[in-house]
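Worksheet for the structure shown next.
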Amino acid sequence: QVQVVESGGGLVHTGGSLTLSCAASGNFFSFVTKGWYRQAPGKQRELVASVDSGGGPNYADSVKGRFVISGDNANNAVYLQMNSLLPEDTADYYCYFDIYSTPRSALNTYWGQGTQVTVSS
């Protein structure tokens, strides 16, 4: 069974920085993609950033140049460094891993519990 635990988040002023961390544990074969989504009140969940097993990052246009995603494959971890934060970045942030549990299993998505980020103006 795979567990995904994230940490970080909190309250920060406009222009500040925060780092979110997330790690997957348990028995699994490999991951394909890992990253972060966010959901603001009254809005749909949106992809913030992702990185695949080959290392190539992808970012939402709204965070390009401000957020940096990085992965630690040895520790099955993913991080999101958020800089120059804006009030519109306020949301619940969820990390995820797309994982093959075994070489022959289907690809499944595992989610973290979510962490709140609030940016005050």
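This chain uses plain numbering: 1 for the first residue, then up along the sequence.
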May I ask you to decide if [Y]'s main-chain N or O and [X]'s side chain share a donor-acceptor pair within less than 3.5 Å?
X      : Y      : value
Thr115 : Gly8   : yes
Gln113 : Glu6   : yes
Thr90  : Val119 : yes

Tell me, do [X] and [Y] make a side-chain contact under 4.5 Å, heavy atoms counted?
X      : Y      : result
Ile99  : Asn108 : no
Trp111 : Thr109 : yes
Tyr96  : Cys22  : no
Val68  : Tyr79  : no
Cys95  : Lys34  : no
Ser17  : Val12  : no
Val48  : Met82  : no

Are [X] and [Y] connected in the hydrophobic side-chain network, where two residues link if heavy atoms are under 4.5 Å apart?
X      : Y     : value
Tyr110 : Phe31 : yes
Leu18  : Leu11 : no
Val117 : Val4  : yes

Would you please name every residue forming a side chain to side chain contact (heavy atoms under 4.5 Å, CB included) with Ala91, sequence neighbours left out?
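Ala91 satisfies side chain to side chain contact (heavy atoms under 4.5 Å, CB included) with Arg38, Ala40, Tyr93 once adjacent residues are dropped.
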Can you tell me how far [atom2] of [Y] sits from [atom1] of [X], rounded to the nearest 0.5 angstrom?
X      : Y      : atom1 : atom2 : answer
Gln81  : Ile69  : CD    : CD1   : 12.0 Å
Leu85  : His13  : CG    : NE2   : 12.0 Å
Asn27  : Thr102 : CG    : OG1   : 11.5 Å
Tyr100 : Asp98  : OH    : CG    : 9.0 Å
Asn76  : Ser30  : CG    : OG    : 10.0 Å

Smallest separation among heavy atoms of [X] and [Y], with atom names:
X     : Y      : result
Ala49 : Tyr59  : CB-CD2, 3.7 Å
Ala24 : Val2   : CB-CG1, 4.4 Å
Thr14 : Ser121 : OG1-CA, 3.4 Å

With Trp36, the side chain to side chain contact (heavy atoms under 4.5 Å, CB included) member among Val51, Leu20, Val63, Leu47:
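It is Leu20; the other options fail the test.
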